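Note that the structure is a prediction, hence the values are computed from the model and not measured. Side-chain atoms are counted along with the backbone in the values below, which use heavy atoms only and exclude waters and symmetry mates. As the structure lists them, so they are numbered: ligands from 1, and atoms in each ligand from 1.
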Amino acid sequence: MAAPHEPSLSAADLGTLETMAADLAREAGRLIVDERPSGLGVAATKSSRTDVVTVMDTRSEDLLRERIAARRPDDGILGEEGDSIEGSSGITWVLDPIDGTVNYLYDIPQYAVSVAACVGDTSTPGAWRPVAGAVYHPVLGEMFHARAGSGAFLRAPSGVHALAVSNVTDLDDALLGTGFGYDADKRGRQGELVARVLPRVRDIRRAGSAALDLCAVAAGRLDVYYESGLNPWDLAAGRLVVEEAGGVVVGPGGAAPTDVLVVAGPTALVTRVQQLIE
Ligand code: LIP
């Protein structure tokens, strides 16, 4: 995919993209809750037998793609479950129709729809960035959203809350989130790393959705988070929510986050976690 031109986006343009991301995430979120079939099963597997797809992952992504094609036909799309579409507008929508699919399959209420409008080349690690996005937790009715330069917010049944990352600086006090991949050998290596990290932090949480883990960092529900093996759709919107909540989201050597590594949180803690795991 040729590097799309970078569009000049006004504050109003960014606001429109943010509102659209939230609208789409909410509509798909309602669909996956209201129409979850009883006895939901595995429709297909991808990179391994545990990397599953359900019929609702596909239905959610189809809905998102339909809405984007109708409202912004010149935009590109990079979605977890379908083919990439190259656009001419310079905006690419990065979609995770159900982040936390294994939780969704087991009916564990910790999954989300993640929708982000991005600029740059989303097919090249480190060559793109989100400018507006939303992560919707449909069971809790929590909408995490942000646009570049305007802060991050949680719209919840309890009201609207401005988000700010934790001010914890000491690793010993840090509640850390992480996750594991779908490849058994990789999980073995990730397990060895967790064994090294665990004695150095307050405790570890494995909640099963990178998008919600990143939003938990933005809300101070986690102090710091790291994971390797993530795809652009797992982190696109959540990354912006953390950055707009005053945190940083980095990859190997402190460069842009990629599938090799993502570390997110307040700068001081991120640096200490990087030193520990790299
Ligand atoms: C999941 C991520 C999670 C990771 C899982 C999986 P999915 O995404 O959100 O952080 O640990 O292995 O990649 O597959 O549910 O979209």
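- Close N/O approach between Asp234 and ligand 1 is found [any backbone or side-chain N/O within under 3.5 Å].
- In the vicinity of Gly179, heavy-atom distances shorter than 4.0 Å reach the ligand 1 atoms 11 (O).
- Protein heavy atom closest to atom 12 (O) of ligand 1, with residue, atom name and distance, is Phe180 O, 2.7 Å.
- Ligand 1 has no atom lying under 4.0 Å from any heavy atom of Asn103.
- Classification of Lys186 and Asp183 as a salt-bridged pair fails, no side-chain N sitting under 4.0 Å from a carboxylate O.
- Ligand 1 places these atoms under 4.0 Å from at least one heavy atom of Glu80: 14 (O), 16 (O).
- In this structure, Asp185 does not pair ionically with Arg187, as no charged nitrogen and carboxylate oxygen lie closer than 4.0 Å.
- In terms of protein heavy-atom proximity, atom 4 (C) of ligand 1 is closest to Glu227 OE2, 3.0 Å.
- Near Ala210, with a cut-off below 4.0 Å to any heavy atom, the atoms of ligand 1 are 2 (C), 3 (C), 9 (O), 10 (O).
- The Gly100 neighbourhood of ligand 1 comprises atoms 7 (P), 15 (O), with distances under 4.0 Å to a heavy atom of that residue.
- Of the protein's non-hydrogen atoms, Asp99 OD1, 3.9 Å is the one closest to atom 1 (C) of ligand 1.
- Close approach to Thr101 involves these atoms of ligand 1, each under 4.0 Å from a residue heavy atom: 15 (O).
- By the 6.0 Å contact criterion, CZ on Arg200 is open, its count of non-hydrogen atoms from other residues, nucleotides or ligands being 12 or less.
- One finds no salt bridge joining Glu192 and Arg196 here, because no Lys/Arg side-chain nitrogen approaches an Asp/Glu carboxylate oxygen to under 4.0 Å.
- With respect to Val241, the side-chain contact (heavy atoms from CB on, under 4.5 Å) criterion is satisfied by exactly one of Leu163, Leu154, Val249: Leu163.
- Contact check on Glu142 versus Arg155 returns no salt bridge, with no Lys/Arg side-chain nitrogen under 4.0 Å from an Asp/Glu carboxylate oxygen.
- Here is the list of ligand 1 atoms found below 4.0 Å of a heavy atom in Asp96: 16 (O).
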Item to complete: Start with the C-alpha gap between Lys46 and Glu80, add the side-chain angles, then the distance that decides, and say whether salt bridge (Lys or Arg N to Asp or Glu O under 4.0 Å) holds.
Response: CA-CA 11 Å; Lys46 299 184 286 186; Glu80 177 167 9; 2.8 Å; yes

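- Counting heavy atoms under 4.0 Å from ligand 1, residue Arg206 touches it through the side chain alone.
- Protein heavy atom closest to atom 13 (O) of ligand 1, with residue, atom name and distance, is Tyr182 CE1, 3.9 Å.
- Distance alone, capped at 3.5 Å, places no donor-acceptor pair between the Glu81 side chain and the Pro97 backbone.
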Item to complete: Take Ile68 and Leu95, measure what side chain to side chain contact (heavy atoms under 4.5 Å, CB included) needs, and give me the verdict at the end.
Response: CA-CA 11 Å; Ile68 293 166; Leu95 311 173; 3.9 Å; yes

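- Taking a cut-off of under 4.0 Å to the non-hydrogen atoms of Ser209, the atoms of ligand 1 that pass are 9 (O), 10 (O).
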